[in-house]
Structures are given as C-alpha cells and as structure tokens.
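Below: the structure, in structure tokens.
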Amino acid sequence: MAKIMKRIANACLLVCLLVMISATTVCAAIAVYGSEKAGYMVGTTQLRKKTNTFDDYALNKKYKSYMTYGARVWKESGVVTFKRSRSSPNKVSMCTSKDTSSVAYTEKWDNLATGKLVRFEIKFNSDKMDGVPAIINKSTAAHELGHTLGLLDLYNSRNKGKLMYGYTSCEAVKPTAADIKGGKYATRK
C-alpha cells in the first residue's frame, strides 16, 4: 500500500511539474515585447490603430463614466483615441457574477494571419465593482482598455504601480510611462 501511495504522489508531482512547464512556455510565447522586468508586456494580438471605437450604450450612466475616464486617460497619454459609436463591433457591457474574483475581463478576436485585433468585448462585473470607490472602477476601465491595445497583465509585485498590474490592489489610475511604452509598441503600424 505504501508503494502505491508513493507512486501516486510521484505521478502527481510529475503532472504538476509538466503543467508548470507548459504554463511557463505558453506565457513566454504570448509576450512578444516587454517583460515583467520592463514593466509592460505586449501580446501577440495587438490593436495597431491610433483611433478605435467602442459601444457602451448598454451601460448605465455610472459605468459609462468609467469608460469615459478610461478613454480620456489613454488619449491624454498620446497612445490611442477611443470614441463611442453605436455601430462599433467593440462592445462594453456588465454582468453579475458572484462565483468569481474577476472584477472585469476583456475578450479579443483577432485575424490570425495579421495578428491584428478584429473586435473586443469588455465586461464589468457589477457584483465586484458596485460599492467600490469610483476612481478604482475608472482605473479598471482604463486597465481593460489597455488589454484592447494588446497589453498583458503584470503579476510581479514590483509592478504594483503600473496600470496593467493584474491584481485589484493596483495603485495606478492612469497609464504610467511603462504602460505608455508598451501601448505605443502595440499601436505601431
């Protein structure tokens, strides 16, 4: 019985090791520019447009103000301009999900041949955002718009002051110099 338990434990350790190696390989393949050390990472799917639209007409006034803020701080950074348009294929909406710790998320669809973004959808989780100070939710909107550029989440604690820090304890409320550098790379022609 002890030999069987030892074999099972060793097999579990081997599976865990393989999963960790696979995850590291996948993460390394996704980042095409930058690094945690640089304070920004750009993924394989990039916006590469200086002006883009989004349709947030399904949002209530409070959530629209978060998107207005996010669009404004990216425009002020000199990286990209976001504009509202009812005919935009890029949608912004709300959901209510108690079963997750995610505050918001961005889905992206890209042209596999060019790597360019075709459309995106941002969803705000009202279960996690309601009752939170507005400036944090505005930062969340700016963060999610950063994903539409092609910027990836950062998880090293040294990046806590960057807009693209992937945890809710982010200290940035607008793009930092590192976020802007990554954004400029992502929107290059």
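- K128 places a side-chain N or O within donor-acceptor distance of the main-chain N or O of T100, the cut-off being under 3.5 Å.
- Ring to ring, Y69 and Y66 are not that close: their centroids are 6.0 angstrom or more apart.
- Using bins of under 30°, 30° to 60° and over 60° for the plane-to-plane angle, the ring pair F82/F120 lands in the perpendicular bin.
- Between the side chains of S85 and T53, no donor N or O sits under 3.5 Å from an acceptor N or O.
- Using a 3.5 Å distance cut-off with no hydrogens or angles, the side chains of D130 and Y63 do pair a donor with an acceptor.
- Between A38 and A178, the shortest heavy-atom contact is O-CB, 4.0 Å.
- When the shell of 6.0 Å around NZ of K75 is examined, it contains 12 or fewer heavy atoms from other residues, nucleotides or ligands.
- Side-chain contact annotation: D179 with T176, donor-acceptor N/O pair under 3.5 Å present.
- Remark: side-chain polar atoms of W74 are paired, donor with acceptor, to backbone N or O of A142 under 3.5 angstrom.
- Using modelled atom types, no side-chain atom of D56 and backbone atom of V92 make a donor-acceptor pair closer than 3.5 Å.
- A donor-acceptor pair under 3.5 Å is absent between the side-chain atoms of T148 and the main chain of E144, judged by distance alone.
- Heavy atoms only, all atoms of each residue included: T140 and A104 are closest at CG2-CB, 3.8 Å.
- M67 and Y57 sit in two unconnected hydrophobic clusters of ILVMFWY residues. Membership requires side-chain heavy atoms under 4.5 Å apart, directly or through other members.
- Criterion: ILVMFWY side-chain heavy atoms under 4.5 Å apart, direct or through other members. Under it, L151 and Y105 are not part of a common hydrophobic cluster.
- K64 NZ: more than 12 foreign heavy atoms inside a 6.0 Å radius.
- When only modelled atom types and interatomic distance are considered, S126 and T96 share a side-chain donor-acceptor pair under 3.5 Å.
- Residues V118 and I122 do not share a hydrophobic cluster, clusters being chains of Ile/Leu/Val/Met/Phe/Trp/Tyr side chains in contact below 4.5 Å.
- Checked by atom type and distance alone, the side chain of K123 never pairs as donor or acceptor with a backbone atom of E107 at under 3.5 Å.
- Judged as a side chain to side chain donor-acceptor pair (under 3.5 Å), the pairs with a partner in residues 109-120 (not counting sequence neighbours) are, in order, T45-D110.
- Atom NZ of K91 has more than 12 heavy atoms from other residues, nucleotides or ligands within 6.0 Å.
- Closest of all the heavy-atom pairs between S157 and Y165 is CA-OH, 3.9 Å.
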